[in-house]
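Reckoned from all heavy atoms, side chains included, excluding hydrogens, waters and symmetry mates. Each chain gets a letter, A, B and so on, in the order its sequence line appears, and its residues count up from 1. Since the model is a prediction, treat every value here as computed from it, not as a measurement.
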There are 2 protein chains.
Amino acid sequence: MDNVTIKDIAKALNLSTSTVSRALRGSYEINAETKRLVMEYAERLNYRPNPIALSLKENRSRAIGVIVPQIANYFFSQAINGIEAIAYNRGYHVIIFQTHESYEREVVNMQQAVSRRVDGLLISLSSETSDVTHLRELQDQGMPIVLFDRVSSELNATQVVADNFKGAFEATEHLIWSGRRRIAHLTIPPYMSITQERLAGYRAALEKHGIAYDENLVRYGTFGPDEVGPMVDDLLAQNPRPDAFFTASDRLAAGCLGALQKRKLRIPEDVALIGFTNMNVAELLSPPMSTVVQPAQEIGQVAVERLIELIERKQKAAPPSVIKIPTTLIARDSTRTVVE
Amino acid sequence: MDNVTIKDIAKALNLSTSTVSRALRGSYEINAETKRLVMEYAERLNYRPNPIALSLKENRSRAIGVIVPQIANYFFSQAINGIEAIAYNRGYHVIIFQTHESYEREVVNMQQAVSRRVDGLLISLSSETSDVTHLRELQDQGMPIVLFDRVSSELNATQVVADNFKGAFEATEHLIWSGRRRIAHLTIPPYMSITQERLAGYRAALEKHGIAYDENLVRYGTFGPDEVGPMVDDLLAQNPRPDAFFTASDRLAAGCLGALQKRKLRIPEDVALIGFTNMNVAELLSPPMSTVVQPAQEIGQVAVERLIELIERKQKAAPPSVIKIPTTLIARDSTRTVVE
DNA sequence: TTGTATGCGTTATCAC
DNA sequence: GTGATAACGCATACAA
């Protein structure tokens with residue numbers, strides 16, 4: 001890799017590096033002929049400014065750190081997709097870190113990102129994280145931070161999330177409209193922000209339609225393997241049996257679907273099923289499961305846009321706004337009559 | 001972000017920057033007491049060497065470029081997962097580029113990566129790419145390149161792939177052993193390396209068991225939407241009807257599964273189904289579909305290991321080896337008796 | 001054992 | 001208009 005530098009061009013054209021630099025940047029105070037000469041030669045040699053030298057000079061890396069629980073996950077890979085698209089257009093590159101749902105690794109990743117001199121940080125908290133002191137301290141030192149999806153109100157930062165409340169409300173109401181009354185809710189760990197919002201939406205829909213909230217119908221998963229089957233069994237053992245399931249994640253939806261099929265329950269005739277998933281998973285899981293689709297890509301896009309804004313404005317104290325991106329309900333089960 | 005530099009430490013301790021630098025690097029020719037002093041102070045101030053300055057000095061970025069068709073895809077997100085884990089341990093960070101299956105974007109991404117001064121490149125070709133001149137030229141200029149999954153024998157580079165031939169052979173033989181004779185093969189565009197290898201494995205298994213190859217049973221997809229249903233219909237219209245489907249990708253497997261279910265065909269009683277997928281998708285898609293699981297993560301790991309080896313050895317001319325990672329067959333349909 | 005000077009590639013400042 | 005110089009943070013050849 002023999003990289004052309006300004007110095008090479010200067011030598012070849014018998015100019016000084018400053019002249020070449022100015023010519024390349026299109027400075028006004030340069031002779032048109034010289035400028036042309038430099039430009040042409042640079043073009044011919046396929047000159048590209050060295051971003052590392054630039055970073056050193058400008059004291060910024062043009063890199064954005066993205067910390068997520070894991071990449072190999074539809075939601076996050078789509079979010080990263082959105083982040084990547086915007087970031088590249090704005091001249092930033094993206095460095096990805098995975099916490100694997102570990103608080104410790106989240107802290108280490110954060111330090112790594114700082115060591116790498118990222119210009120800003122985009123974070124989706126690990127499920128283990130309840131204390132966000134590490135982030136607050138970093139923020140206090142002037143690092144622009146935007147949270148997305150897995151957020152925390154403990155932090156005075158911009159937060160970009162799906163409209164979990166509304167999505168859960170609509171999902172639950174969809175089930176109610178199709179005649180369901182005993183709606184089970186399979187969800188993720190209770191202390192997470194998104195869990196609470198979805199649970200609130202679920203309860204609000206029940207309440208609106210005069211259905212009593214029954215905590216026995218709610219189960220919390222732990223991201224562990226083989227946990228969904230027993231949860232479903234447990235719920236089905238109740239009398240009366242649940243007539244619908246509302247699941248809060250891809251894995252819970254798939255697990256629940258599998259468990260119900262294994263028990264020879266017809267969907268949606270015996271039990272209705274609706275899941276909080278995202279577009280790709282919705283494609284894979286066949287009807288007749290309905291889905292509330294998360295705007296993963298858009299969440300990523302909006303989050304990175306906000307972050308870049310912060311970085312470039314050097315606003316240290318951002319107004320701690322919460323941006324909610326709407327979800328989309330895709331109904332695939334209209335077996336029973338809709339009861340308004 | 002007020003970053004501590006060597007200069008700060010030197011000033012505070014009344015030393016020269018070189019002494020501090022040497023002390024931090026643990027040079028032998030330094031007074032033990034001075035060393036201790038510097039170390040302690042650096043620790044206290046949480047000093048971290050600026051990787052950008054280091055990169056400029058050493059003329060290397062410690063960054064690896066990864067070019068993939070898309071991130072939001074189980075195979076690639078898992079591969080990236082594997083890449084990321086190894087790369088970070090070795091002190092490299094990973095910059096991801098997406099081609100979205102476009103040859104043009106692949107070329108642009110490659111140039112971007114070069115502009116970013118990556119130390120090496122990991123590439124999985126876009127489905128549009130047949131000409132690899134752009135990569136050959138880059139390689140000739142000394143850039144270490146390793147191909148993975150979507151490779152090309154036109155390039156004199158290390159290639160890391162799943163053992164597509166063997167996987168396809170085993171999948172087909174699995175179907176034959178369960179009594180199937182008319183095995184349809186739904187696959188991806190014909191000019192891709194992985195397509196050809198899988199097709200060859202399919203044909204070899206048929207041949208071994210004395211079943212004539214029938215090109216009417218093979219269909220090529222294009223990554224487009226809604227294309228699988230018609231393909232399946234077309235195949236089912238044949239007389240005699242196929243009694244098994246072997247699909248070459250996640251999307252084809254899911255599409256095929258959906259299409260068969262829609263047509264009320266029982267799986268595996270009426271039609272058997274086996275897919276070339278990966279672990280995550282296998283989890284989502286319920287039985288009774290069998291799968292040949294791709295070692296996505298391992299492919300990524302091996303590929304990045306080879307690349308780092310190339311980078312650090314500065315071997316320009318690598319022996320163009322092809323590394324095949326074995327697939328795993330997960331049988332979920334043993335309805336019919338196994339016929340050895 | 002420690003300090004001085006230089007260079008990596010670039011741009012800003014000041015001179016001419 | 002153009003050139004010389006310094007600076008970004010670090011490591012190292014050379015001096016002392």
May I have the distance from [X] (atom [atom1]) to [N] (atom [atom2]), rounded to whole angstrom?
X	N	atom1	atom2	value
Arg60(A)	dG9(D)	CZ	C1'	18 Å
Ile6(A)	dA12(C)	CD1	C1'	13 Å
Leu37(B)	dT1(C)	CG	P	16 Å
Arg22(B)	dC10(D)	CZ	C1'	13 Å
Lys7(A)	dT10(C)	NZ	P	10 Å
Asn3(A)	dT10(C)	CG	C1'	14 Å
Asn50(A)	dT10(C)	CG	P	6 Å
Glu58(B)	dA11(D)	CD	P	8 Å

Under 4.0 Å between a side-chain N or O of [X] and OP1 or OP2 of [N]?
X	N	value
Thr19(A)	dT2(D)	no
Ser21(A)	dT11(C)	yes
Thr34(A)	dT2(D)	yes
Ser18(A)	dT11(C)	no

Select from Asn31(B) and Leu24(A) the residue whose nearest nucleotide in DNA chain C is closer to the 5' end of that strand.
Asn31(B)
Could you tell me whether Ile52(A) contacts a base, only the sugar-phosphate backbone, or nothing, with contacts defined as non-hydrogen atoms closer than 4.0 Å?
nothing
Which part of the nucleic acid, if any, lies within contact of Asn14(A), taking any heavy atom under 4.0 Å across all strands shown: a base, the sugar-phosphate backbone alone, or nothing?
sugar-phosphate
Between [options], spot the one nearest the side chain of [X], thanks.
X	options	result
Arg25(B)	dG9(D), dG3(D), dT12(D)	dT12(D)
Lys57(B)	dC8(C), dT1(C), dG9(C)	dC8(C)
Leu54(A)	dT12(D), dT2(C), dT10(C)	dT10(C)
Thr5(B)	dC10(D), dG9(C), dC14(C)	dC10(D)

NZ/NE/NH1/NH2 to OD/OE distance under 4.0 Å, Glu40(B) and Arg44(B):
no
Would you mind reporting whether Thr129(A) and His134(A) have side-chain heavy atoms less than 4.5 Å apart?
yes
What orientation do Phe76(B) and Phe148(B) show, parallel under 30°, tilted 30 to 60°, or perpendicular over 60°?
perpendicular
Do the side-chain N and O atoms of Glu101(B) and Ser127(B) include a donor-acceptor pair separated by under 3.5 angstrom?
yes
Begin from the C-alpha positions of Tyr47(A) and Ile6(A) and carry the test side-chain contact (heavy atoms from CB on, under 4.5 Å) through to its verdict.
CA-CA 8 Å; Tyr47(A) 167 80; Ile6(A) 280 193; 3.4 Å; yes
